[in-house]
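Excluded from the calculations below are hydrogen atoms, water molecules and symmetry mates; all remaining heavy atoms, backbone and side chain alike, are included.
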Amino acid sequence: MALDLASHLAIADTQLKLNGLYTEITFKDVVETAESYDPITGEYSTTRSTTHTLSGVILNTNHNVGENNYNVTTEVIVLPQYVTFPVVVDQVYTIKGERWQLIRFTVAPQDSLYTLTLGRK
């Protein structure tokens with residue numbers, strides 16, 4: 001008997017929404033494109049951007065104090081249906097108006113869960 005992972009993820013998603021555990025996370029994907037001319041604005045464009053919105057659950061936040069530095073890290077879990085772009089280290093995400101940089105990420109078997117470790121100074 002095969003595990004119906006999609007139905008379990010749908011149930012988990014519903015429960016997280018009902019319990020108000022989701023935090024909105026945004027990621028602005030800026031892509032360099034070939035230079036193009038927009039006749040309406042009269043401008044040349046070399047970038048294109050897409051803003052992605054994720055729903056994630058913040059697991060913990062750690063405040064690390066060193067001799068000459070201070071930084072904050074947080075771990076967030078995201079269900080795969082919210083990840084519609086390639087996840088790459090050093091991407092910058094926004095949570096509650098604060099910018100966080102992706103330090104590392106893991107993906108559970110069968111792409112069932114993303115765990116993102118984000119940091120900021």
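Atom OG1 in T74 sits 6.5 Å away from atom CG in L118 (nearest 0.5 Å). To the nearest 0.5 Å, the span separating CG on L79 from NE2 on H8 amounts to 13.5 Å. Atoms CG and CG, on N71 and N64 in that order, are 4.5 Å from each other to the nearest 0.5 Å. In this structure, CZ on R120 lies 11.5 Å from CD1 on I103, to the nearest 0.5 angstrom.
Taking the salt bridge (charged side-chain N to carboxylate O under 4.0 Å, His left out) definition, one finds that D111 meets it with nothing, sequence neighbours left out. Residues that satisfy the side chain to side chain donor-acceptor pair (under 3.5 Å) test with K28, not counting sequence neighbours, are absent from this structure. By the side chain to side chain contact (heavy atoms under 4.5 Å, CB included) test, D90 is found to be paired with Q101, residues two or more places apart in sequence or in another chain being considered. Partners of S7 under the side chain to side chain contact (heavy atoms under 4.5 Å, CB included) rule, at least two apart in sequence or in another chain, are D4. Residues forming a side chain to side chain donor-acceptor pair (under 3.5 Å) with T117 (at least two apart in sequence, or on another chain): none. For A108, the side chain to side chain contact (heavy atoms under 4.5 Å, CB included) test picks out S112, L113, with sequence neighbours left out. Every residue meeting the side chain to side chain contact (heavy atoms under 4.5 Å, CB included) condition with L18, not counting sequence neighbours, appears here in chain and number order: T14, Q15. Not counting sequence neighbours, E24 has no partner by the side chain to side chain donor-acceptor pair (under 3.5 Å) test. For T23, there are no side chain to side chain donor-acceptor pair (under 3.5 Å) partners, not counting sequence neighbours.
Between I25 and S55, every side-chain heavy-atom pair lies at or beyond the 4.5 Å cut-off. The shortest side-chain heavy-atom distance between L102 and V87 falls under the 4.5 Å cut-off.
Within the structure, the salt bridge (charged side-chain N to carboxylate O under 4.0 Å, His left out) test picks out the following pairs touching residues 5-22 (sequence neighbours left out): D13-K17. Residue pairs meeting the ring-ring contact (aromatic ring centres under 6.0 Å, His included) criterion with at least one partner in residues 80-113, sequence neighbours excluded, are Y22-Y82, F27-F85, F27-Y93, H52-F85.
Note on I11: it does not cluster hydrophobically with Y114, by side-chain heavy-atom contacts below 4.5 Å among ILVMFWY residues. Hydrophobic clustering, with ILVMFWY side chains joined whenever heavy atoms are under 4.5 angstrom apart, groups V83 together with L5. Residues V72 and V89 fall within the same hydrophobic cluster, defined by Ile, Leu, Val, Met, Phe, Trp and Tyr side chains chained together at heavy-atom separations under 4.5 Å.
Of the possible polar contacts, none joining the T26 side chain to the T53 backbone as a donor-acceptor pair under 3.5 Å is found. Judged purely by atom type and a 3.5 angstrom limit, Q91 has no side-chain atom pairing as donor or acceptor with the backbone of D29.
Just one residue in the list L59, T106, L116 forms a side-chain contact (heavy atoms from CB on, under 4.5 Å) with I77, and that residue is L59.
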